[in-house]
Amino acid sequence: MNKLNLGLIGGGFAGQVHSIAFRMMKGFFGQKVKNVSLKVLVTQNESKGRKLAEKFGIDEWMGDWRKLMSKDNIHAVIIATPNYKHKDMVLEAVGKGKHVLCEKPFALNAQDAKEMYDAAENAGLKHGVNFNYRKTPAILLIKKWIDEGRLGKIFTFRSSYLQDWGTDKDGLLNWRFQKKYAGAGSLGDLGAHIIDMARFLVGEFSDIAGIASTRINKRPVGALDFGVSAEKNDKIMGDVDVDDICDVLFTFKNGAQGSLSSSRLAKGRKNHFEFEIYGTGGSIYFDWERRNEVLLYSQEKPNDQSGFSKVIVGATDHPYSDALWAIPGLGIGFAEPFSIQLFEFIDAIYNDKDFSPSFYDGWKNNQVLDAINVSIKERRFIAVL
Ligand SMILES: NC(=O)c1ccc[n+]([C@@H]2O[C@H](COP(=O)([O-])OP(=O)(O)OC[C@H]3O[C@@H](n4cnc5c(N)ncnc54)[C@H](O)[C@@H]3O)[C@@H](O)[C@H]2O)c1
């Protein structure tokens, strides 16, 4: 196996999870990834970059992402920067012949997403979007059940992704609260994960109607160089122009229907990503805060055992249990799905396999987000292209 060197852009929340996931991946997948190195970390603040690089054992750090792209010894990049930077960085990386794993939401709109997808495809490079939740072992197990027909024909998918960190009125007006940097608020941040899950498990969206609101309209202006801590200036307030809360009804092209709710103002909810799926043969309920178990209802059970049964994920024949669990049922944390994602991406590069979720999935996701945004504005159902 030849050497494969990675560069990581972004040392904020997501960049740090990727750094941890890289180290986990080396442990979980051992020999299979022995020639892979995380060589360079790029952050806007070089001194923060140095500290992080030392912490995570990354050889080199720098402040200029274009310098990373011009390095011939970097074969693939992970882009973990605010959403508005994804397009420039993806196009530059692809232009320089590098494979790319990009954070979600993929782009600010579907038009940009299509341009990014076409560029990577035409260059014959591997491309992926970090819809990390897909790689949760419990989700892979649910997907297996669906593919085996255990739920029968699906007719309902209902999901919420709720957090409460936005309730802090003193929280800075960072990039996540500004449309030009984020594209959307809770919808792009959390709803994009639901959309990906729905596409992964149920199918393509058809028609959509959404409502959204912004409840904290002004926030203190802080750091403009995102990810760099700065003194909060309470006297200067700036406008929030993205949604805090969003609710959407939809149909799928295969005839199923469903709903999603995203919010960063759901007091008491930390990372409450839950969904339920109902089909002709059975049902499942899953909550990512209890990510090591799935509630399964199967109509094959006798009447005196009717109801949901709890399946503890990680039995020996469950997806990735061999790599992640020495003893069945020990459970996982937030970074493990990132490490599986990275492993599969690297495997796709080495062995010329298809990788998903790809930029195609990123583009389809942005199409759904665009349709929801039009629907919210025009207050009517919109067909997803
Ligand atoms: N998949 C997930 O579960 C998940 C979780 C969190 C964030 N994200 C995504 O990851 C991305 C980053 O989010 P975050 O929470 O880490 O943000 P953040 O604000 O915590 O960190 C952003 C990082 O990007 C760097 N950066 C910004 N502009 C740069 C530039 N021009 N050159 C070099 N570095 C630059 C900053 O220095 C900082 O290190 C977003 O797209 C976000 O939606 C995904």
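Both ligands and their constituent atoms are indexed starting at 1 by order of listing. Computed from a predicted model, the values in this text were never measured in an experiment. Numbering of residues begins at 1 and proceeds along the displayed sequence.
Between Lys39 and the options Asn5, Asp59, Asn73, a side-chain hydrogen bond (donor to acceptor under 3.5 Å, both in side chains) holds for only Asp59.
Polar contact with ligand 1: absent for Tyr133 (N/O pair, distance under 3.5 Å). Distances between N or O atoms of Pro105 and those of ligand 1 include no value under 3.5 Å. The N/O atoms of His86, backbone and side chain alike, include one that comes under 3.5 Å of an N/O atom in ligand 1. When only interatomic distances are considered, the shortest N/O to N/O separation between Gly63 and ligand 1 does not fall below 3.5 Å. Checked against a 3.5 angstrom limit, the closest N/O atoms of Lys85 and ligand 1 fall outside it. Of the N or O atoms in Trp175, one or more lie within a sub-3.5 Å distance of an N or O in ligand 1. The shortest N or O to N or O distance between Gln44 and ligand 1 is under 3.5 Å. An N or O contact shorter than 3.5 Å is missing between Phe338 and ligand 1 by distance.
Between Phe275 and Phe286, the ring planes are tilted. Angles from 30° to 60° get that label.
Of the heavy atoms in Tyr84, none comes closer than 4.0 Å to ligand 1. In Asn132, the part holding a heavy atom less than 4.0 Å from any atom of ligand 1 is the side chain. Heavy atoms of Ala80 found under 4.0 angstrom from ligand 1 belong exclusively to the backbone. Using a 4.0 Å cut-off between heavy atoms, Phe13 contacts ligand 1 through both its backbone and its side chain. For Arg176, every heavy-atom contact with ligand 1 shorter than 4.0 Å involves the side chain, none the backbone. The parts of Lys104 lying near ligand 1 are both backbone and side chain, judged by heavy-atom distances below 4.0 Å.
In summary, the side chains of Asn130 and Gln341 do present a donor paired with an acceptor at a separation below 3.5 Å, with no hydrogens or angles considered. Between the side chains of Ser47 and Asn45, at least one donor N or O sits under 3.5 Å from an acceptor N or O. Side-chain contact of Asp243 with Thr214: a donor-acceptor pair under 3.5 Å is absent, judged by distance alone. In the model, Asn122 has no side-chain atom that pairs as donor or acceptor with a side-chain atom of Asp118 under 3.5 Å.
With ring centers used as reference points, Phe106 lies under 6.0 Å from Phe359. Under the 6.0 Å cut-off for aromatic ring centres, Tyr181 and Phe177 do not qualify, their centroids lying 6.0 Å or more apart.
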* What do the steps show when you test Tyr285 against Phe308 for ring-ring contact (aromatic ring centres under 6.0 Å, His included), and what is the final call? -> CA-CA 9 Å; Tyr285 174 79; Phe308 282 86; 7.7 Å; no
* Asked: Please walk me through it: do Phe273 and Tyr133 pass ring-ring contact (aromatic ring centres under 6.0 Å, His included)?
  -> CA-CA 10 Å; Phe273 181 13; Tyr133 291 116; 5.1 Å; yes
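Between atom 24 (O) of ligand 1 and the options Pro82, Gly12, Gly15, the minimum heavy-atom separation is to Pro82.
Which parts of ligand 1 touch Phe334 is read off a 4.0 Å heavy-atom cut-off, strictly below it: atoms 3 (O).
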